[in-house]
Asks: 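Please see the structure below; I have some questions.
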Amino acid sequence: MTMARTALVTGGTRGIGAAIARSLAAAGYRVGVTYQGNDEAAAAFRQETGIATFKWDVGDFEACMVGIQQVTDALGPVEILVNNAGITRDATLHRMTPEQWSAVIQTNLTSAFNMVRVTIEGMRDRAFGRIVQIASINGQKGQVGQANYAAAKAGLLGFTRSVAQENARKGITVNAIAPGYIATDMVSAVPGDVLERIVAQIPVGRLGHAEEIAQAALYLVSDDAAFITGATLAVNGGQYMA
Ligand code: CAA
């Protein structure tokens, strides 16, 4: 890397996104992160890491256009995009509301369209790009209580493969990481007895660490990973072997 590349991580002030942002910064990239609502966590993250934070709703296309322009003004054009922002609204389908369905599709799947749509033309012009989608084991195998989340995460995989094919000749790779159950706020929200049963199904015998996802992301965005595109990398402790 001659000059530090600019990387943007959505949902990057907490959990997996924060671990990815820290790893990228430690590796010398110019890093920005987005967040949606938790100002306190964002301020703490910014203070501790010195990483620039930008607040907008990645589910909103117009907001992405404005926000990515701000990132570009501050850090330069986005060369590496990690679509990590995601939410859960778990409920069995027979109880799921249209609002729970739409919120998850908007934030977890439409956000990928929004962010990639706004950054891809610049990547194509510059003939370089790295896009990583944070998908999920539950988009691969399904999960009770997550019809919305699993649909969005499975959708990301089809999106990834399509955009990978379209941009392969332009020096742009598009890959997905499918984390298993990682020790974050999101997984802490799973009822204790349910989580205990899930951990019992993980061959490695524990939850994953956010840093273990970050290491996978770091590799996929590197210049060395130019021949890997359209791939889904499972980082799940052996819980699901596709
Ligand atoms: N297989 C089949 N059916 C099951 C089941 C299983 N393993 N577990 C529960 N059920 C069924 C029950 O039989 C029951 O069915 P009926 O309503 O027909 O009797 C129903 O599911 C229970 O549903 P309820 O709505 O009554 O239960 P609830 O409201 O207490 O909660 C739940 C259900 C929301 C699914 C809850 O169990 C839950 O939150 N589970 C965790 C889901 C999960 O793993 N989420 C992952 C979050 S972390 C994340 O998303 C990160 C990532 O990428 C991995």
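Along the sequence shown, residues carry numbers from 1. Counting starts at 1 for both ligands and their atoms, in listed order. All of these numbers come straight from a predicted model, not from anything done at the bench.
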Asks: Do R124 and N167 have side-chain atoms, one donor and one acceptor, less than 3.5 Å apart?
Replies: yes
Asks: Rounded to the nearest 0.5 Å, how far does CE of M115 lie from CZ of F113?
Replies: 12.5 Å
Asks: Enumerate the protein residues lying less than 4.0 Å from ligand 1, judged by heavy-atom distances, in chain and residue-number order.
Replies: T88, D90, T92, H94, R95, S136, N138, Q143, V144, G145, Q146, Y149, G180, Y181, M186, V187, V190, P191, V194, I198
Asks: Between Y181 and N138, do the side chains contain an N or O donor and an N or O acceptor separated by less than 3.5 Å?
Replies: yes
Asks: For K55, which residues count as a salt bridge (charged side-chain N to carboxylate O under 4.0 Å, His left out) partner, sequence neighbours excluded?
Replies: D39
Asks: Using the ring of F128 (Phe, Tyr or Trp, six-membered ring only), decide whether R5 places NZ or CZ under 6.0 Å from its centre and within 45 degrees of its axis.
Replies: yes
Asks: Which heavy-atom pair separates N83 from Q133 by the least distance, and what is that distance?
Replies: ND2-OE1, 3.1 Å
